[in-house]
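Notes to accompany the following structure.
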Amino acid sequence: MARLSVPCPPCRSPCPWSRQRPVALGLAAAAGLLLLLLAAAAPRRWAAPPRRGERYLSRLEELAATDTEDAALSYGVVVDCGSSGSRVFVYFWPPHNGNPHDLLDIRQMRDRGSRPVVKKIKPGTCGTGRHRAAPRGLGAHGSPVPRAGISVAAAAPERATPYLRPLLRFAAAHVPAPKHRETPLYVLCTAGMRLLPQRQQAAILDDLVRNIPLEFDFLFSKSHAEVISGKQEGVYAWIGINFVLGRFDHEDEEAAVVTVALGDQAESLVRKRTVGILDMGGASLQIAYEVPGSGAFSSPQQEEAAKSLLAEFNLGCDVQHTGHVYRVYVNTFLGFGGNFARQRYEELVLNQTHARNRLHGQQTGLSAETPFLDPCLPVGLEDTVTRGDRTLYIRGRGDWQACAKLLQPLLGGPNSSQDSLTGAYKAPIDFSNSEFYGFSEFFYCTEDVLRMGGRYNAPTFTAAAQVSAAPAQGGTVTVLGGSGGRSSAPNPDFSFPQEYCSQRWEVLTQRFRGGLYSSHADEHRVKYQCFKSAWMYQVLHRGFRFPPDYPSLRTAQLVYDREVQWTLGAILYKTRFLPLRDLRQESMRQAHASWLRLSFVYNHYLFFACILVVALAIVLYLLRLRRIHRRQQCAAQLDVLWLDKVVLLPPGQADGP
């Protein structure tokens, strides 16, 4: 028997590419899922620095009400226990952006009416008024202010906590309750407490540390209650203004820069230029500015004095990074405030006049008929100065130049026990590459009467102090960053070419009642404007030696439509290590918790990816079964064809020749 081979009809088996196509698609899908997993599980990159327009918009957003429903926000509370009262400030900040070179974005909290969350009290009061504060340490007419603030608890320390209770309740009502336990509370006391003996200071602070945690759930410990020095207060104020102006953001390449020498490092650091501050109150004068270089000292005495006036600190979250190391000169001059300087001037004039009368047998100033002619008061203004049993009768003669010259001896200091403005150590200032902001009396002297708040120009200021000309600007100045000021339009009726200091008192009071001066000006300001403008000029140019043509001083009251308090700098400094804690926790998760990413609970992306991979495997398995089934069908067809085509031949033929 022989078999006849018959061709088998071709099976419909897939071509090589058709066979590989499901596998290729599966590999592509797996690769895409893998990339998705890597993108989802990868740590966040550092946020790109915001552009100038974005930073401006973010500052405008600070004026909106704080979204207390946002669980990601953190909060902080600072109580400023001052000499005349106490204020509480509530701050908040979003999560850190992950860049260790950036600071926390701390902002002042605003209520539903977009008003800053701040409350001020005095002993026996719970007011929240936001009136313009009286000069520090002195009343409106130079009289000493009675002891107030938390220092009233000196005799009874147990009164400290009840005194602050209204402020703490106010803060607790604005901070979301679930956030209280993680919200740091700082109670920082200033001048009023510094005047108390150490024993009384400690008793008051102990009462706060012991009793506040019994009533409030804030994060509060012994280190959060302290009496800060004038140097600390100055540093905090310097931090606050530079933070608001964005001078700690070193990514802006268009800003002015300085070269900073840091310790023993061979290479210097080039970063954005910071601003200095000048603040003249009623009793004291303060200056603070960065010292980029570590210049040499002329004597050991000068080096010793510099140690107490220079503060070097790292504002960054990591002490290993030097990008935010700053060396700041801070000095406070007690007795050089505007009102206190007037008191010293009156005592000087009284002593000199009485000595001259005894020497020459004169009667100057002993009666209203023979008054002392004061060049620092407007013409015709009559006043008296009384010290003990001595009285000096004064009449203004309005001579600004003579007044400025007469004030020069006062720069030497109130007495031998207090600092001298001219003799005190001052760290060098690079006037060709620096910028300053003047607050309090610097602003009031230029704006309230002269209507020149904003960029300061010495020749224009001296002319305006002598000449009551039409103001170049008017209204309250609001500094927008470091690029300029904004003010309302000047009053067209306020145009008097006559000299201001030489104007008669009746004319000035008539203008004041007519509303030609700033709404903040009062009769006390109009009366002593000539004196204070001359004193400010002497302090700035003879005391601090600012060049008359110095172009980079601005006087301001508000920055971005809000007051800049030293409390902002305080909480920024005290919370500077919080970003590092978060960054370390994130790095630990990345380094030691990679196995967590393999669990479904930790990474839901991985969970869905696994489901897709399993589904893909099932599909590929089914396709493979289908392909095997087709091959089996083809083999069965082949066997049937072989059976149908078999030819049986006779035996003889099979054995043919």
Side-chain angles (χ1 to χ4, degrees), residues 135 138-143 280 282 337-350 352-353 364-365 367-386 391-408 410 441-453 460-471 474 491 493-539:
L138 292 160
H141 298 284
S143 59
M280 182 189 293
N339 289 346
F340 206 104
R342 177 65 193 183
Q343 285 189 335
R344 293 169 50 211
Y345 169 76
E346 291 174 349
E347 292 177 358
L348 175 66
V349 169
L350 187 147
Q352 290 182 346
T353 302
T364 303
S367 66
E369 290 72 21
T370 59
F372 169 77
L373 299 179
D374 188 352
C376 297
L377 292 180
V379 175
L381 173 62
E382 295 183 354
D383 199 2
T384 59
V385 175
T386 302
T391 299
L392 181 69
Y393 292 86
I394 296 177
R395 180 183 299 164
R397 67 181 177 95
D399 188 339
W400 192 88
Q401 293 288 353
C403 175
K405 185 176 181 179
L406 199 58
L407 295 178
Q408 291 183 16
L410 299 180
E441 201 63 54
F442 285 94
F443 175 75
Y444 306 148
C445 279
T446 56
E447 171 63 18
D448 281 4
V449 172
L450 303 181
R451 312 300 296 276
M452 297 178 60
T460 305
F461 174 75
T462 54
Q466 303 174 71
V467 180
S468 182
N491 189 337
D493 297 331
F494 186 52
S495 178
F496 304 99
Q498 300 86 357
E499 295 181 355
Y500 177 86
C501 285
S502 63
Q503 282 297 299
R504 297 194 59 82
W505 176 242
E506 294 82 1
V507 176
L508 297 179
T509 54
Q510 182 180 3
R511 296 176 183 173
F512 167 68
R513 295 189 184 99
L516 298 183
Y517 302 131
S518 169
S519 59
H520 295 294
D522 54 14
E523 189 171 344
H524 178 267
R525 168 61 51 185
V526 178
K527 177 179 179 180
Y528 293 111
Q529 172 63 33
C530 183
F531 168 83
K532 290 188 175 182
S533 61
W535 175 245
M536 179 193 125
Y537 183 88
Q538 292 290 66
V539 164

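One-based numbering along the sequence shown. Worth knowing before you read on, the calculation uses all heavy atoms, side chains too, and leaves out hydrogens, waters and symmetry mates.
- Under the 3.5 Å distance criterion, the side-chain polar atoms of Glu441 are left unmatched by any main-chain donor or acceptor of Gly338.
- A search for side-chain contact (heavy atoms from CB on, under 4.5 Å) contacts involving Thr364 returns Thr353, Asn357, Gln362, Phe372, not counting sequence neighbours.
- Annotation: side-chain contact (heavy atoms from CB on, under 4.5 Å) contacts of Arg395 (sequence neighbours excluded): Pro371, Leu373, Glu382.
- Listed by chain and number, the residues in a side-chain contact (heavy atoms from CB on, under 4.5 Å) with Thr386 are Thr391 (sequence neighbours excluded).
- Using a 4.5 Å heavy-atom cutoff, the side chains of Asp383 and Val385 are not in contact.
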Checklist entry - Val349 and Asp374: side-chain contact (heavy atoms from CB on, under 4.5 Å), yes or no, with the steps? => result CA-CA 9 Å; Val349 169; Asp374 188 352; 5.7 Å; no
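- Ring geometry for Trp400 versus Tyr537: interplanar angle over 60°, hence perpendicular rather than tilted (30 to 60°).
- Listed by chain and number, the residues in a salt bridge (Lys or Arg N to Asp or Glu O under 4.0 Å) with Arg513 amount to none (sequence neighbours excluded).
- Residues satisfying the side-chain contact (heavy atoms from CB on, under 4.5 Å) criterion with Gln401, sequence neighbours excluded, are Asp399, Gln466.
- Listed by chain and number, the residues in a side-chain hydrogen bond (donor to acceptor under 3.5 Å, both in side chains) with Trp535 amount to none (sequence neighbours excluded).
- Counting heavy atoms from C-beta on, the side chains of Trp505 and Val379 never come closer than 4.5 Å.
- The side-chain hydrogen bond (donor to acceptor under 3.5 Å, both in side chains) search around Arg397 returns none, not counting sequence neighbours.
- Thr509 pairs by the side-chain hydrogen bond (donor to acceptor under 3.5 Å, both in side chains) definition with nothing, not counting sequence neighbours.
- Between atom OG of residue Ser533 and atom CG of residue Asp448 there is a gap of 12.0 Å, rounded to the nearest 0.5 Å.
- Partners of Tyr393 according to the side-chain hydrogen bond (donor to acceptor under 3.5 Å, both in side chains) rule, which considers only residues two or more places apart in sequence or in another chain, do not exist here.
- Side chain of Arg344 to main chain of Leu410: a donor-acceptor pair is present (N/O by atom type, distance under 3.5 Å, no hydrogens or angles).
- The salt bridge (Lys or Arg N to Asp or Glu O under 4.0 Å) search around Glu347 returns Arg387, not counting sequence neighbours.
- The CG atom of Leu508 sits 10.0 Å away from the CD atom of Gln529 when rounded to the nearest 0.5 Å.
- Put simply, the side chain of Tyr517 reaches to within 4.5 Å of the side chain of Val526, judged on heavy atoms.
- Salt-bridge formation is detected for the pair Glu346/Arg342: a Lys NZ or Arg NE/NH1/NH2 atom is positioned less than 4.0 Å from an Asp or Glu carboxylate oxygen.
- When side chains are defined from C-beta on, Arg451 does not count as touching Thr446, because their heavy atoms never get closer than 4.5 Å.
- Under the ring pair (Phe, Tyr, Trp, His ring centres under 6.0 Å) criterion, Phe531 pairs with Tyr345, not counting sequence neighbours.
- Counting heavy-atom neighbours within 6.0 Å of Gln510 CD, excluding the residue itself, gives a total of 12 or less.
- For Cys403, the disulfide bond (SG atoms under 2.5 Å apart) partners are Cys376, not counting sequence neighbours.
- With a 4.5 Å cut-off on side-chain heavy atoms, Arg525 and Lys532 count as touching.
- Looking at every heavy atom in both residues, Gln538 comes nearest to Lys405 through NE2-N, 4.4 Å.
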